[in-house]
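For reference, the structure is listed below as structure tokens.
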Amino acid sequence: MENAAYKEVYDRGVQALQSAGVADAGLDARLLLEFVCHTDRNTLYAHADMPVSDYARELYEQLIRRRAQRIPLQHLLGTQEFMGLSFVVNEHVLIPRQDTECLVEEAMICTMDGDRVLDLCTGSGCILLSIMCYKNGIEGVGTDISNEALQVARLNAERLEKPALFVNCDLFGQLPEEPFDIIVSNPPYIRSDVIETLAPEVKDHEPRGALDGGSDGLVFYKRILKDAPRYIRRGGTVLLEIGYDQGEAVSSMMKEAGFDNVETVKDLAGNDRVVKGIWVK
Ligand code: GLN
């Protein structure tokens, strides 16, 4: 077969993804084609008739087939942008979400250069490493129960040249009780019975352990808030990402745990997204 034209290859990709029920078929088809051909978004409009080599086309078709099986786009591309930085991802970590940028932005308001920052359930390390990239001299520690996830976090730290310490433990585990200025976490918070209703990309391809927050979705908040007082310095802030309907529950839990100035922050979509509180005891 002769070299096909860029736009034709793209159109076939869109069709295949549409029939597989992929939500953003056009976008994903374009991003995969750009990935394979090392092009950018202008190519589709400016050079629609550009020839695509047989090799690139075959590779593209292979990726389209995998995307049609509802493998997340980011697993095919290998990275996800978050806070303007590129993070390596795979099936062992939650793919960084735009919602979580709200948590990072809030955390950055409370963080001073040189602070000690702890990120629980760090996954790809996206939260901790973003803070370390945008503040100076942060002493960053991230923990995760999954060793495979920490391998990804360490790779991301290396790529971003940030000296974060990643520890394999369950939340605080046996971390020495040296106080942190800031504790952040985006823990698993989806109710177990809701997981089966999620898109196949999420329920079949993202780590269950990064999603499942137990029967009420609140298991991790309870555990974090029980131990956080031993790890936060006086005047330090704890910031937790939450689901849109967990604001009230998590704020009351934080108050009960003894935190002051407890506040819920909304994300850009207007949903409750972060609960934060200060430890003044
Ligand atoms: N902290 C990571 C993130 O926000 C992983 C969160 C998780 O696994 N629940 O992307």
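Sequential numbering from 1 along the given sequence is applied to the chain's residues.
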pair Phe259-Leu225: side-chain heavy atoms closer than 4.5 Å: yes
From CA spacing to verdict: salt bridge (charged side-chain N to carboxylate O under 4.0 Å, His left out), Asp193, Arg191: CA-CA 6 Å; Asp193 62 347; Arg191 287 205 329 258; 3.2 Å; yes
Residues Asp212 and Ser192: side-chain donor-acceptor under 3.5 angstrom: yes
Expected output: side-chain Tyr60 to main-chain Ala29 donor-acceptor under 3.5 Å: yes
Pairwise distance CE(Met253) to CG(Leu240) - rounded to 0.5 angstrom: 8.5 Å
Polar side-chain atom of Glu206 near backbone of Ile95 as donor-acceptor pair, under 3.5 Å: yes
Neighbour count >12 (heavy atoms, 6.0 Å) for atom CD, Glu177: yes
Test: Arg116 and Asp181 ion pair at under 4.0 Å: no
Candidate pair Lys276 and Glu106, rule salt bridge (charged side-chain N to carboxylate O under 4.0 Å, His left out), full reasoning: CA-CA 9 Å; Lys276 60 176 185 175; Glu106 279 307 309; 3.0 Å; yes
4.5 Å side-chain heavy-atom contact, Ser185 and Phe220: no
Pairwise side-chain contact, Pro207 with Ser146, heavy-atom cut-off 4.5 Å (strictly under): no
Please tabulate, for the side chains in residues 14-26, all donor-acceptor contacts under 3.5 angstrom to protein atoms that are two or more places apart in sequence or on a different chain.
residue	atom	partner	partner atom	Å
Ser19	OG	Gln15	O	2.7

Check: Met112 main-chain N/O paired with Asp115 side-chain donor or acceptor under 3.5 Å: yes
Connected hydrophobic set around Val117, excluding itself, where side chains approach under 4.5 Å: Phe82, Met83, Leu85, Phe87, Leu103, Val104, Met108, Ile127, Leu128, Leu129, Ile131, Met132, Tyr134, Ile138, Leu150, Leu160, Phe166, Ile182, Val184, Leu239, Val265, Val274
Val89 and Pro96, any side-chain heavy atoms less than 4.5 Å apart: yes
Gap between atom CG of Leu73 and atom CG of Leu76 - 0.5 Å precision: 6.5 Å
Lys/Arg-Asp/Glu bridge criterion (N-O < 4.0 Å) met for Arg223, Asp227: no
Test item: Asn168 and Thr143 side chains (from C-beta on) under 4.5 Å apart, heavy atoms: no
Between Glu81 and Ser86: side-chain donor-acceptor atoms closer than 3.5 Å: no
Side-chain (Arg273) to main-chain (Ile242) donor-acceptor, under 3.5 angstrom: yes
Whether Tyr231 side chain and Leu175 backbone form a donor-acceptor pair below 3.5 Å: yes
Any side-chain heavy-atom pair of Gln80 and Val88 under 4.5 Å: no
Glu158 bridged to Arg154 by N-O distance under 4.0 Å: no
Mutual orientation of the aromatic rings belonging to Tyr221 and Tyr189 [parallel < 30°, tilted 30-60°, perpendicular > 60°]: parallel
Salt bridge flag under 4.0 Å for residues Glu61 and Arg57: yes
Note, Arg208 side chain near Ile195 side chain (heavy atom, < 4.5 Å): yes
